[in-house]
There are 2 protein chains.
Amino acid sequence: MAATLHDVARIAGVSIKTVSNVINDYPHIRPTTKQRVLDAIAELDYRPNLSARSLRSGRTGVIGLAVPELSLSYFAELADAVIRSAERHGVTVLIEQTGGDRAREIELLTSPRRQLTDGLIFSALGMDSDDSEYLRVGYPLVLLGERIFGGPTDHVTMRNVDAARAATEHLIALGRRRIAVIGAHEGEVIGSAGLRLRGYREALEAAGIPFDPALIGYTTLWHRSNGADAMRALLASGVEFDAVFGLNDTLTLGAMRVLQEAGLRIPKDVAAIGFDDLDEAQYSLPTLTTIDPGREEIAETAVRVLLERIASTDLALPPREILADFRIVERESTAPAAA
Amino acid sequence: MAATLHDVARIAGVSIKTVSNVINDYPHIRPTTKQRVLDAIAELDYRPNLSARSLRSGRTGVIGLAVPELSLSYFAELADAVIRSAERHGVTVLIEQTGGDRAREIELLTSPRRQLTDGLIFSALGMDSDDSEYLRVGYPLVLLGERIFGGPTDHVTMRNVDAARAATEHLIALGRRRIAVIGAHEGEVIGSAGLRLRGYREALEAAGIPFDPALIGYTTLWHRSNGADAMRALLASGVEFDAVFGLNDTLTLGAMRVLQEAGLRIPKDVAAIGFDDLDEAQYSLPTLTTIDPGREEIAETAVRVLLERIASTDLALPPREILADFRIVERESTAPAAA
DNA sequence: GTGAAAGCGCTAACAA
DNA sequence: TTGTTAGCGCTTTCAC
């Protein structure tokens with residue numbers, strides 16, 4: 001049987017309150033008393049019972065992270081960063097997968113499992129701005145992603161429009177004029193796809209290049225196969241293009257595969273740029289120029305902001321919207337030499 | 001304030017025991033009583049307090065999953081499968097990253113966090129057979145991986161030797177005789193690298209092909225860049241080869257990138273086979289022939305076995321070793337037409 | 001600076 | 001079939 005506070009108190013010859021004080025680093029304890037307690041703890045290999053602690057204190061020391069799917073590299077790398085960050089802050093992470101399904105996302109927000117965590121970092125994919133009232137939950141919640149803006153919670157996200165605009169401008173600076181897009185979502189205005197497409201259009205407009213709807217490849221999901229399919233459709237349509245902006249790296253890598261199968265050279269015939277800066281983008285053939293959307297910073301900030309909310313007693317603190325910095329990572333797929 | 005059992009009991013006009021019985025599906029309750037309780041629960045939107053429940057029952061409804069790193073696709077896809085499987089069984093997963101570091105792995109086994117979980121699925125990478133006594137922990141533990149065999153716990157793993165042998169035989173059947181290996185670990189006997197190298201040697205021997213140490217590319221880690229580096233070293237050494245067996249997919253994809261940079265065609269000049277069947281292997285250029293080591297089955301089995309241990313009162317149940325089935329997934333990188 | 005004691009919300013042994 | 005009651009191990013208020 002595991003040792004309890006009482007056992008430690010008995011061995012140390014003090015009351016349980018004193019032991020509790022030692023464990024919780026309460027400052028005013030006589031050093032000799034403290035040492036006796038510490039010795040007793042060591043002797044018994046005492047460990048606080050976390051269930052009892054959380055029953056009493058209402059805190060679990062665990063935060064939740066909800067993502068669509070870990071097998072999507074972006075979210076795996078995000079989860080990795082969140083876990084590392086949480087570790088530095090001494091808390092543990094419980095991961096939930098939503099499949100990007102709206103109903104499951106909403107359900108998760110009120111699931112009894114939320115009791116296991118002190119707060120939630122929530123990467124929404126299925127919900128949209130109309131659902132933002134569902135975010136008015138009774139616990140600290142930090143929203144990620146670009147589906148909902150101006151909601152009732154803290155929100156950490158990236159500069160989608162600016163970054164997509166910069167990506168497009170990068171291609172334009174290379175002399176490309178017929179820039180295809182892979183991964184657009186029909187009629188979407190916000191959301192990663194909508195915002196990034198807007199950045200693309202802004203860049204075209206600024207450069208005086210007309211927008212050609214024939215250059216836009218639509219997909220429902222952003223898996224690799226969707227990128228490949230969209231590129232196949234684009235090639236089959238016969239539309240001409242000299243560059244492609246994939247709305248994320250996974251899509252872009254799928255599209256590049258199809259381009260090369262069709263005998264087109266990257267970047268000579270078609271330059272390519274992605275979005276996310278996955279680890280993989282460094283090792284594709286050719287290596288992929290992409291946008292680093294500040295994933296590490298997003299993870300770090302989300303954890304910090306969530307823990308602040310958890311620690312804060314001020315419930316009226318207004319929601320914050322925090323944007324991470326992006327940067328273009330230039331690699332072979334847009335190397336100018338081949339332009 | 002959240003409703004408690006007492007509130008429900010009061011509203012329903014019964015005792016808390018009756019409410020508890022209803023919640024825990026205790027069979028002998030009069031239907032009318034049950035309905036009254038259910039109505040009260042609905043009225044108050046009552047949810048059981050999980051901390052109190054686990055303090056009392058000693059169960060948390062959470063299982064732990066320890067992996068080296070989520071940003072390694074293999075482990076991301078494994079975690080995905082474990083979470084989905086756990087969900088089907090009604091339990092939640094808490095993920096820990098060890099970085100594959102032996103000290104952190106050992107520490108994790110006795111971390112206070114283990115109290116947050118009813119058991120652990122543990123993918124060891126840094127520990128080895130000499131450390132197997134550390135696995136004698138006081139809670140249900142299912143080991144994954146190939147670092148420790150014959151340990152004191154249940155172990156779910158793959159047929160590394162057989163699968164690697166089959167992979168090598170697949171290349172030999174293509175007429176390849178000079179088969180390079182990428183990702184070997186100096187002096188390792190067990191562990192993924194050691195076992196897979198053994199399967200490779202067995203296949204060579206069976207085919208009467210002499211083993212040539214010059215064909216073995218060593219790496220410390222199995223990231224993509226390690227595969228690229230090892231292949232670069234192999235090419236620089238001037239050794240001739242007509243096929244490559246990458247000990248995992250990530251390594252193989254890195255190596256393929258370098259081969260193609262060097263102007264070699266896959267599979268015409270060099271056939272390539274990997275190990276893991278990552279999602280990515282379907283979309284590389286060329287698509288990658290690989291071994292599906294039964295990852296879904298491993299995840300499913302690990303969760304099932306762990307939950308059995310948690311539910312079982314028989315502590316003397318001997319440890320089981322369970323091997324998943326593998327299969328070769330043939331794709332372009334070993335297409336015979338180009339042989 | 002330290003101790004005594006209440007009680008967080010639940011489960012389960014025991015009673016009725 | 002349902003009720004009473006004793007803790008699970010901890011934090012915390014209030015004394016001393």
Side-chain angles (χ1 to χ4, degrees), chain A residues 1-38 40-41 44-62 112-116 118 138 310-311 313, chain B residues 1-41 44-62 112-116 118 138-139 310-311 313:
Chain A
M1 211 48 212
T4 75
L5 224 43
H6 285 95
D7 300 326
V8 176
R10 195 160 27 75
I11 299 283
V14 298
S15 81
I16 63 167
K17 168 62 169 132
T18 304
V19 181
S20 179
N21 281 344
V22 170
I23 290 167
N24 295 296
D25 283 327
Y26 181 73
H28 308 297
I29 311 169
R30 194 179 303 154
T32 56
T33 313
K34 181 165 180 176
Q35 194 52 53
R36 273 220 312 285
V37 172
L38 255 20
I41 288 175
L44 294 171
D45 191 27
Y46 166 75
R47 287 139 192 273
N49 179 310
L50 299 182
S51 293
R53 179 176 281 179
S54 63
L55 172 58
R56 185 62 238 220
S57 70
R59 293 281 171 73
T60 64
V62 179
R113 286 183 184 176
R114 294 281 64 72
Q115 290 183 41
L116 297 170
D118 296 334
I310 291 170
T313 49
Chain B
M1 209 49 210
T4 75
L5 224 43
H6 286 95
D7 300 328
V8 177
R10 194 163 25 78
I11 299 284
V14 297
S15 80
I16 62 165
K17 169 62 170 134
T18 304
V19 180
S20 178
N21 282 344
V22 170
I23 289 166
N24 296 295
D25 281 328
Y26 180 75
H28 309 295
I29 311 167
R30 194 179 302 153
T32 56
T33 313
K34 181 166 181 175
Q35 193 52 53
R36 272 220 313 283
V37 172
L38 256 19
D39 290 347
I41 288 176
L44 295 172
D45 191 25
Y46 165 76
R47 290 144 190 267
N49 179 310
L50 299 182
S51 294
R53 177 177 281 180
S54 62
L55 172 60
R56 184 63 238 218
S57 70
R59 293 281 171 74
T60 64
V62 180
R113 286 183 184 176
R114 294 281 63 73
Q115 290 184 40
L116 296 170
D118 296 333
Y139 53 85
I310 291 170
T313 48

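Below, chain A is the first sequence line, B the second, and so on; all start at residue 1.
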Original post:
Roughly how many Å is it from CG in A/L5 to P in D/dC8, rounded to a whole number?
Top reply: 13 Å
Subject >> Separation of D/dG7 P from B/L55 CG (nearest whole Å) >> reply: 14 Å
Subject >> Heavy-atom pair with the smallest gap, counting every atom of B/V37 and B/T18 >> reply: CG2-CG2, 4.3 Å
**OP:** Please check if atom NZ in B/K17 has more than 12 non-hydrogen atoms from other residues, nucleotides or ligands closer than 6.0 Å.
**Re:** yes
Original post:
What closest approach, in Å, do B/P112 and A/L50 show between heavy atoms, and which atom pair accounts for it?
Top reply: O-CD1, 3.5 Å
Can you tabulate the close N/O pairs, meaning under 3.5 Å, that link protein atoms to atoms of nucleotides 1-5 of chain C?
unit_1 : atom_1 : unit_2 : atom_2 : d
C/dT2  : OP1    : A/T33  : OG1    : 2.4
C/dT2  : OP2    : A/R30  : N      : 3.1
C/dG3  : OP2    : A/S15  : N      : 2.8
C/dG3  : OP2    : A/S15  : OG     : 3.2
C/dG3  : OP2    : A/T18  : OG1    : 2.5

**OP:** Run the numbers on A/I41 and A/I23 for side chain to side chain contact (heavy atoms under 4.5 Å, CB included), then give the verdict.
**Re:** CA-CA 9 Å; A/I41 288 175; A/I23 290 167; 4.1 Å; yes
Original post:
Axis-to-axis angle across the helix from C/dG1-D/dC16 to C/dA16-D/dT1, five pairs an end, to 10 degrees?
Top reply: 30°
**OP:** Taking only the side-chain heavy atoms of A/H6 (C-beta and beyond), determine which of D/dT12, C/dC10, D/dC10 contains the nearest atom.
**Re:** D/dC10
Original post:
For A/D7 and D/dC8, what is the distance between atoms CG and P respectively, to the nearest whole Å?
Top reply: 11 Å
**OP:** Rounded to the nearest angstrom, tell me the gap between atom CZ in A/R59 and atom P in D/dC10.
**Re:** 18 Å
Original post:
Closest approach of A/R59 and A/S54, non-hydrogen atoms and distance?
Top reply: O-CB, 2.7 Å
**OP:** Please test B/V8 against B/V14 for side chain to side chain contact (heavy atoms under 4.5 Å, CB included), starting from the C-alpha separation and ending with a verdict.
**Re:** CA-CA 8 Å; B/V8 177; B/V14 297; over 6 Å; no
Original post:
Which part of the nucleic acid, if any, lies within reach of A/T4 when heavy atoms closer than 4.0 Å are counted: base, sugar-phosphate only, or nothing?
Top reply: sugar-phosphate
Subject >> Phosphate-side-chain proximity, A/R53 and D/dT11, N/O vs OP1/OP2 below 4.0 Å >> reply: yes
Subject >> Stepwise side chain to side chain contact (heavy atoms under 4.5 Å, CB included) check, A/L116 with A/V62 >> reply: CA-CA 7 Å; A/L116 297 170; A/V62 179; 5.8 Å; no
Subject >> Residue pair B/R10, B/D7: steps toward the salt bridge (charged side-chain N to carboxylate O under 4.0 Å, His left out) verdict >> reply: CA-CA 5 Å; B/R10 194 163 25 78; B/D7 300 328; 2.9 Å; yes
Subject >> Minimum heavy-atom distance between A/N49 and B/Q115, given as atom pair plus value >> reply: CA-OE1, 3.1 Å
Original post:
Rounding to a whole Å, what distance do you find between B/R56:CZ and C/dA12:P?
Top reply: 7 Å
Subject >> Atom-to-atom span, CZ of B/R10 to P of D/dG3 - whole angstrom >> reply: 15 Å
